[in-house]
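First the structure, in the form of structure tokens, and then the observations on it.
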Amino acid sequence: AGAKEDSFNVLDLAEYTKNRPWWRKVFAPSSGSSAEKYNVATQLVIGGVTGWCTGFIFQKVGKLAATAVGGGFFLLQIANHTGYIKVDWKLVERDVNKAKQQLKFHSSGNKMSPEVKSRVDEVILFLKKNVILTGGFAGGFLLGMAS
């Protein structure tokens with residue numbers, strides 16, 4: 001009579017997992033990554049080069065900033081000692097104590113705002129999706145800081 005044939009799509013999980021990279025199986029089984037179109041070596045090179053450049057620039061800017069802050073502090077001390085400027089230390093102490101109290105108040109709650117929490121979650125998700133690229137970047141950054 002009218003026997004209806006049911007058709008089913010069969011998914012071979014063994015074949016499906018063979019074609020997936022190991023980091024995707026471990027860290028993000030259900031979500032794709034833009035970096036997955038490159039192989040592991042390319043991701044490491046891209047991450048390493050961008051990390052090295054960032055570290056190198058960070059090191060140079062850091063030295064410049066430290067020199068500027070240190071030099072400015074040195075000049076302020078000389079100006080204070082010679083009498084060109086006078087520092088109201090009572091006002092400085094009051095402002096520092098006020099800042100300490102505000103920091104204690106904000107850190108005592110120990111709760112993140114929803115905006116910060118969502119940003120942190122986005123960063124963690126990105127790091128999980130692009131673990132090879134991120135690892136290359138971190139290594140390159142450290143090498144850039146050392147050179």
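Numbers here simply count residues along the sequence, with the first being 1.
- The minimum heavy-atom distance linking Leu143 with Trp52 is given by the pair C-CD1, 3.7 Å.
- Taken together through direct or relayed side-chain contacts under 4.5 Å among Ile, Leu, Val, Met, Phe, Trp and Tyr, Val96 and Trp89 form part of one hydrophobic cluster.
- At a threshold of 4.5 Å between side-chain heavy atoms, the hydrophobic network of Ile, Leu, Val, Met, Phe, Trp and Tyr places Val131 and Leu44 in one connected group.
- Closest non-hydrogen pair, Met145 versus Gln59, comes out as O-NE2, 3.3 Å.
- In this structure, the separation between CZ on Phe141 and CD1 on Ile57 is 10.5 Å, given to the nearest 0.5 Å.
- At least one side-chain heavy atom of Phe56 sits less than 4.5 Å from a side-chain heavy atom of Lys60.
- In terms of heavy-atom proximity, Ile85 sits nearest to Asn80 at O-OD1, 3.4 Å.
- In this structure, OG1 on Thr82 lies 10.5 Å from CD on Gln77, to the nearest 0.5 angstrom.
- The heavy-atom pair separating Leu133 from Gln43 by the smallest distance is CD1-O, 3.3 Å.
- By the rule that hydrophobic residues join a cluster once side-chain heavy atoms approach within less than 4.5 Å of another member, Phe58 and Val61 end up as members of separate clusters.
- Atoms CG and CZ, on Leu142 and Phe137 in that order, are 10.0 Å from each other to the nearest 0.5 Å.
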